[in-house]
Amino acid sequence: MDAPTGLDFTPAVGDHAFTPKQRALLAVAHRLGREKFAARAAQWDEEASFPFANYEDLRAAGLLGICVPEAEGGLGADYASYMMVGAEIGRFCGATALTWNMHVSSTMWTGVLAEGIPMTETQRAEHETRRKLHFRRVTQDGAIYAQPFSEGSAAAAGKAPFGTTARKVEGGWLVNGRKIFASLSGAADYYGVLCTEDKGDEKPDARDTLYLAVPAASQGFSISGDWNPLGMRGTVSRNLLFKDVFVSDDEQLMPRGVYFKGAQTWPAMFFTLAPTYLGLANAAYDFTVRYLRGEVPGEPPVKRRMYPTKQIAVAQMRIQLEQMRAIFLRAVLEARPNPSKDERMRLYAAQYTVMEGANDIARLAIRTCGGQSMMKHLPLERIYRDSRCGSLMLPWTAELVLDRMGRETLYEAGEKDE
C-alpha cells in the first residue's frame with residue numbers, strides 16, 4: 001500500500017493526502033476501470049458505439065449520482081473529488097469518462113456549484129424544489145443526462161447567445177434549434193440543453209441563457225447524422241434537432257438567468273473535460289512502462305528497457321506527466337466561486353497543459369514503443385487518437401485558452417486601448 005495515498009495504486013492525479021471518501025471513490029473507479037472498462041474500450045472505438053455496459057456498472061456502483069448530495073440519495077462528492085475520480089476512469093476508457101462527465105455536470109452544476117451562484121430567495125427556493133426532481137431521476141431511476149453545448153457558432157465559447165431558443169408558453173417552454181457534437185445522443189434519457197430565451201422583438205442576449213432538461217421522448221425532438229470521427233468514437237456525438245419541443249417548467253435545471261451568473265462565478269465548471277485527458281496521459285505512460293518491461297498481457301515477454309534511448313524517453317514522459325498532475329491537482333483543489341486572477345490564470349494554464357500534454361505523451365509513447373504499438377489490438381493507437389481530441393473541445397479549446405490568458409494578462413477589467 002502506498003503510504004501517502006492510503007491506496008494500493010497511484011491514482012491518475014498522483015500522490016495526495018486523500019480524504020476517506022476520496023480514497024473509497026478512487027478505489028471503486030480503479031477497480032471498475034481495471035476489471036471492466038479497459039477490456040471493453042476497443043469495442044466502443046471500433047463500433048463507434050455507446051458504452052452501455054460501462055454505464056450499467058457505473059449505475060450499480062452509484063457513480064451516476066456521484067455529485068448528487070447525500071441527502072438526496074447520492075454520494076455527495078465535491079468538485080475536487082469528482083475531478084480525481086474522472087481522471088481515474090479516463091485512464092481506462094476515454095469515451096466512458098468523457099460522456100460520464102457530461103452526465104455528472106448536470107448534477108454538479110445544479111448541486112455543489114449552484115451553492116456558490118448568487119440567487120434571489122425566490123430563485124433559490126425554485127431551484128431547490130426543481131433539482132430534487134432531477135436528482136431523484138438519477139438516484140432512483142438511474143436516468144442519464146446529456147449536456148449538448150455546440151452549435152457550430154461562437155455560442156459554446158461564450159462569445160455569443162445560443163442559437164437554440166426557448167419561448168415561454170403556458171406551463172413551460174417551446175424549444176427550437178439544433179445542437180452538434182451532442183455526446184450521449186441516443187443514450188441519454190434527458191438532454192440538458194443550453195438555449196436563449198426568445199423574448200420576441202428583443203435582441204438575443206447571453207444573459208438570457210436557459211438550461212433546460214429535454215426528455216428524450218419529447219415530440220419534435222430528433223437525432224440525425226453519422227458519427228465517424230478520428231477519436232472518442234464511443235461518445236456517439238450526433239446532431240440534435242428541436243422543432244417546437246414543449247418542455248415543462250419543472251424541467252428547468254436552473255432558474256431564468258442563473259446559468260449566465262454561474263458561468264461568470266464558477267469558471268472551473270468548464271474545466272471538467274480535463275480529467276479524461278489526464279487519465280489518457282496516464283494510460284499512455286502506463287502502457288509504455290509495461291511494454292518496455294515485457295509485461296503487456298498477450299504479448300511476447302520481450303524486454304526493451306535496457307536501451308538508453310528508451311530510458312530517456314520514459315524519463316521525459318514521467319517529467320511531463322508529473323507537471324500535468326501537479327498543475328491539475330492544484331487547480332481542482334483551489335477551485336471556488338469568484339476565484340482570484342492568479343487562480344483563474346492557473347485554471348487556464350492547467351487546461352492547456354493537460355489537453356495538449358495528453359497527446360504529447362501519447363506521441364512520445366508511440367515513438368518510444370515503436371511500430372508494433374500502432375497495431376489496433378493494442379490500446380496505444382486508440383489512446384493517441386482519443387488524446388488528440390481534447391484541445392479541440394469547446395468552450396476552452398487550446399486556441400481560446402491562449403487568447404484568454406494573453407488578453408486577461410495584459411488587460412485588467414474595463415481597460416481599453418485608445
Side-chain angles (χ1 to χ4, degrees), residues 1-5 7-16 26 30 33-34 37-39 41-42 45 84 87-94 97 230-232 274-331 349-391 398:
M1 180 170 291
D2 189 84
T5 65
L7 296 164
D8 60 359
F9 63 93
T10 300
V13 295
D15 295 338
H16 179 66
L26 285 166
H30 186 81
R34 186 184 68 250
F37 299 168
D45 178 69
M84 296 172 186
E88 198 61 32
I89 291 179
R91 189 179 202 166
F92 299 99
C93 181
L230 168 75
M232 288 297 177
T276 294
Y277 294 89
L278 180 61
L280 288 168
N282 276 267
Y285 175 81
D286 293 344
F287 176 85
T288 302
V289 172
R290 289 195 301 269
Y291 187 79
L292 297 182
R293 287 175 55 84
E295 295 174 348
V296 175
E299 294 296 296
V302 178
K303 292 181 174 60
R304 299 168 175 87
R305 62 187 181 184
M306 65 288 295
Y307 303 109
T309 52
K310 308 295 187 186
Q311 296 168 10
I312 291 170
V314 167
Q316 291 174 324
M317 292 172 66
R318 183 60 183 254
I319 290 168
Q320 189 166 5
L321 182 61
E322 291 294 346
Q323 292 168 341
M324 293 167 63
R325 286 171 165 174
I327 194 170
F328 176 91
L329 195 56
R330 179 166 181 185
Q351 171 82 0
Y352 186 90
T353 299
V354 171
M355 294 308 205
E356 290 287 81
N359 189 245
D360 199 39
I361 286 181
R363 174 189 62 81
L364 281 169
I366 288 178
R367 191 187 72 182
T368 303
C369 294
Q372 293 186 56
S373 68
M374 294 189 295
M375 303 302 290
K376 283 188 174 291
H377 73 282
L378 296 174
L380 195 52
E381 63 88 30
R382 181 184 71 253
I383 293 168
Y384 177 84
R385 288 185 288 104
D386 283 352
S387 68
R388 182 62 277 169
C389 301
S391 62

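Any value given below was found using the heavy atoms of this structure, including those in side chains, with hydrogens, waters and symmetry copies removed.
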For residues 359-368, please give each side-chain donor-acceptor pair under 3.5 Å, one per line with the distance, not counting sequence neighbours.
residue	atom	partner	partner atom	Å
Asn359	OD1	Arg388	NH1	3.0
Asn359	ND2	Tyr384	O	3.2
Asn359	ND2	Ser387	OG	2.9
Asp360	OD1	Arg363	NE	2.9
Asp360	OD1	Arg363	NH2	2.6
Asp360	OD2	Gln320	NE2	3.3
Thr368	OG1	Leu364	O	2.7

All side-chain contact (heavy atoms from CB on, under 4.5 Å) counterparts of [X], not counting sequence neighbours:
X      : result
Ala97  : Ile89, Thr276
Arg293 : Val289, Glu295, Arg305
Ala398 : Tyr352, Glu356, Ser391
Ala326 : none

Original post:
Between Ala281 and Met324, what is the shortest heavy-atom contact and its length?
Top reply: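 Minimum heavy-atom separation between Ala281 and Met324: CB-CE, 3.6 Å.
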**OP:** State, to 0.1 Å, how close Gln351 and Ala274 come at their nearest heavy-atom pair, and which atoms those are.
**Re:** OE1-CB, 3.9 Å
Original post:
How would you list, by chain and number, every residue that makes a side-chain hydrogen bond (donor to acceptor under 3.5 Å, both in side chains) with Lys376, sequence neighbours excluded?
Top reply: Glu381
Original post:
Do you know which of Leu329, Thr10, Leu26 makes side chain to side chain contact (heavy atoms under 4.5 Å, CB included) with His16?
Top reply: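 The passing option is Leu329.
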Within this structure, what is the [atom1]-[atom2] distance for the pair [X] and [Y], rounded to the nearest 0.5 Å?
X      : Y      : atom1 : atom2 : value
Asp15  : Arg325 : CG    : CZ    : 7.5 Å
Tyr291 : Lys303 : OH    : NZ    : 14.0 Å
His30  : Leu7   : NE2   : CG    : 9.0 Å
Ile312 : Tyr307 : CD1   : OH    : 15.0 Å
Arg385 : Leu280 : CZ    : CG    : 11.5 Å
Thr353 : Leu278 : OG1   : CG    : 11.0 Å

Original post:
Would you say the side chain of Glu299 lies within less than 4.5 Å of the side chain of His377, judging by non-hydrogen atoms?
Top reply: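 The answer is yes; the side chains approach within 4.5 Å.
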Original post:
With side chains defined as the heavy atoms from C-beta onward, is the minimum distance between Tyr277 and Asp386 less than 4.5 Å?
Top reply: no
Original post:
Any chance CE of Met306 has more than 12 other-residue heavy atoms, nucleotides or ligands included, within less than 6.0 Å?
Top reply: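 Check passes, neighbour count above 12.
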